[in-house]
Structures are given as C-alpha cells and as structure tokens.
Amino acid sequence: MQKIILANERTLVSECGRLMGRLDLLISDIQDGKSVGWIVADLKTGNPPKVQLNEKVSRQLRFYRDLLKQNNPDHPPVHAEGWYSANQTIHRADGPPILDEALEAWEGMRPTEEPLQGTPSASACAFCEWKAWCPTWWAARRDGELAPGSRFRDEVVRLVRFDEESGATLFERTPPVGDDGELAGSDHRFGAILRDQALEQMRANASSDYDGPLFLGSARVDGKIMHLGDWSEVLPWSLMVGSAGQ
Ligand code: SF4
C-alpha cells in the first residue's frame with residue numbers, strides 16, 4: 001500500500017468558525033497505483049490501545065475527519081487513524097459524525113448572563129482562581145461551610161489606610177449580606193504588610209479610580225497581622241456578569 005502525504009499540521013476550522021482542530025497528517029490512500037481516499041492520521045505518543053481506541057481519542061479523530069469533510073465538500077472517502085509510535089500500531093476510528101455534538105458542547109461553554117450555581121467546598125475553593133469574581137465562597141465562609149484557614153486566608157475587605165512606601169495597610173473586613181455579593185461594613189479591622197506583587201497590585205489599585213471592596217487572596221496570618229507578597233493577590237472584588245453588585 002502506497003501512501004502520499006497531502007498536508008501536515010493543518011489547522012481546520014468549521015464553517016461557522018467556532019470549532020477548530022489541527023490534524024497532523026493528511027494522506028492519500030493509494031492502492032494498486034490509484035488513490036482510493038484520504039486518511040486523517042494523528043500521531044500519538046501515549047500508550048497504545050490494547051484492543052480499540054478509547055472513546056475520547058476516537059471522538060478527537062472523528063472530529064478532525066468531519067471538519068476535513070466539511071471543509072472539502074467534494075472529498076473522496078475519508079477515515080481517521082491514530083498512529084502510535086510506542087509500538088508502531090495503527091488504530092482506525094470509525095463511528096458516526098460528531099460535529100453536531102461538538103457544537104452542542106461549544107454552546108454549553110458559552111458564558112451565560114447568570115453565573116452557574118456555585119458549589120463551594122474546601123477542596124474546590126482552596127485554589128480556585130475565580131474567587132475574586134465569586135460571591136458564593138464568601139457567603140459559605142460566613143455560614144461556616146468553609147473554614148477560614150489558619151495559616152493562609154482569603155478575605156474581602158475595604159481599604160482604610162495604605163502607606164505606599166512601606167506597604168503598611170489597614171483593612172476593614174466586609175462580610176457578605178445575602179448570597180449575591182452585597183457587602184456590609186464591620187468593626188473588624190486588621191493590619192497587613194504588603195510586599196512585592198501584593199504591594200504592586202495595591203499601588204496600582206490606589207492610583208486607579210477604583211475605590212470599592214478588595215479581594216485578598218492567600219494572606220499569611222501572623223498573629224493579628226497579615227502578610228501579603230508574591231504568593232498573594234490583591235484584586236478588586238468584582239463579581240461576575242449578572243450578579244448583584246455589578
Ligand atoms: S470560589 Fe466560587 S467558583 Fe470557585 S470553587 Fe468556590 S464556589 Fe466555585
């Protein structure tokens with residue numbers, strides 16, 4: 001069987017412009033000196049399948065196959081294969097068209113006017129990068145569903161005083177009212193020493209027009225003082241689209 005490479009590392013884009021894939025190789029399948037179709041080949045370095053391609057890989061290969069077909073309405077017969085370097089085996093991905101499902105998945109990922117329902121938990125929220133835009137964890141802290149953290153802590157605060165030179169800062173804790181991000185004032189004030197990234201972020205904030213509440217991420221607790229540095233974040237407490245407080 002003779003094969004000829006027609007394209008390599010080609011980017012494929014769907015007609016609607018929303019779906020994109022990148023095929024490794026497009027090969028003309030030549031048998032008895034005659035091209036009988038195209039093969040979409042994806043080069044795989046992972047573990048080869050024992051029997052057949054797993055569903056995820058099969059869907060990926062069929063996705064490239066179907067994008068190619070959509071881009072080339074006059075295409076000859078096309079099929080997709082995974083080529084595994086580990087044991088030099090080839091596995092064919094057969095199955096129904098997949099672009100409608102891919103488009104459905106894409107639609108499911110579009111930002112919505114209303115944020116999805118938050119499901120706070122210690123493991124999910126601990127390193128979540130959406131915290132400065134999410135009112136749910138702060139309400140969960142108030143309700144005791146999330147522990148404050150003994151060594152490192154996240155807070156939502158109002159700036160009371162800031163010394164740009166030394167980084168000495170006084171904050172007022174702003175507890176949540178309701179579940180949608182509305183905040184109240186409080187008597188709870190604490191000092192913090194800001195350095196490096198945290199200090200730069202606070203300086204940028206101080207020189208901007210923003211004077212709303214702030215999210216402090218990963219403040220290190222040291223007695224009654226907090227320390228914020230390169231490991232921390234100081235960001236405007238700016239809730240997601242559609243949430244209260246916008
Ligand atoms: S911080 Fe908000 S978005 Fe992130 S895991 Fe917790 S509830 Fe979900």
Side-chain angles (χ1 to χ4, degrees), residues 18-19 56 101-160 162 169-206 208-222 224-246:
R18 295 173 191 161
L19 306 175
K56 204 168 140 200
E101 268 182 54
L103 204 52
E104 210 175 293
W106 185 90
E107 292 285 348
M109 291 190 297
R110 282 170 70 158
T112 54
E113 188 65 21
E114 288 297 321
L116 297 173
Q117 183 68 38
T119 52
S121 70
S123 57
C125 298
F127 297 103
C128 175
E129 297 192 352
W130 291 97
K131 237 179 264 179
W133 299 273
C134 167
T136 307
W137 71 273
W138 193 223
R141 274 274 297 277
R142 171 199 60 203
D143 298 342
E145 287 173 46
L146 293 176
S150 54
R151 191 125 190 271
F152 290 92
R153 201 170 278 187
D154 304 314
E155 296 284 348
V156 182
V157 297
R158 181 177 77 79
L159 178 63
V160 179
F162 173 48
T169 313
L170 183 66
F171 293 115
E172 173 189 315
R173 200 157 192 265
T174 51
V177 178
D179 295 334
D180 295 327
E182 196 186 329
L183 302 173
S186 77
D187 296 333
H188 182 156
R189 292 187 170 190
F190 59 89
I193 305 295
L194 274 56
R195 304 237 185 276
D196 305 321
Q197 172 176 285
L199 182 54
E200 291 307 316
Q201 289 176 334
M202 182 58 92
R203 281 177 179 151
N205 176 70
S208 75
D209 294 336
Y210 183 78
D211 66 351
L214 296 168
F215 166 78
L216 306 183
S218 288
R220 182 163 58 79
V221 182
D222 183 7
K224 291 186 174 167
I225 298 279
M226 300 273 200
H227 292 267
L228 290 95
D230 276 339
W231 64 89
S232 315
E233 300 266 30
V234 180
L235 300 170
W237 170 247
S238 157
L239 299 181
M240 284 190 224
V241 185
S243 302
Q246 291 292 299

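Note that ligands are numbered from 1 as they come in the structure, with each ligand's atoms numbered from 1 the same way.
Using the six-membered ring where Trp is involved, Trp137 and Trp237 have ring planes that are perpendicular, over 60° apart on the 30 and 60° scheme.
The nearest heavy-atom contact from the protein to atom 5 (S) of ligand 1 is Ala124 O, 3.5 Å. Residue, atom and distance of the protein heavy atom nearest to atom 2 (Fe) of ligand 1 are Cys134 SG, 2.3 Å. Looking at atom 4 (Fe) of ligand 1, its nearest protein heavy atom turns out to be Cys128 SG, 2.4 Å.
A donor-acceptor pair under 3.5 Å links the side-chain atoms of Lys131 to the main chain of Ala126, judged by distance alone. Of the possible polar contacts, none joining the Arg173 side chain to the Phe190 backbone as a donor-acceptor pair under 3.5 Å is found. Judged by distance alone, the side chain of Gln197 and the main-chain N or O of Ser232 form a donor-acceptor pair under 3.5 Å.
Every atom of ligand 1 is numbered from 1 in the order shown, and the set under 4.0 Å from a heavy atom of Lys131 is 1 (S). Each of the following atoms of ligand 1 lies closer than 4.0 Å to a heavy atom of Cys125: 1 (S), 5 (S), 6 (Fe), 7 (S).
How far CD of Glu182 is from OG1 of Thr174: 11.5 Å, rounded to the nearest 0.5 Å.
At a distance under 4.0 Å, no protein heavy atom can be found next to atom 8 (Fe) of ligand 1.
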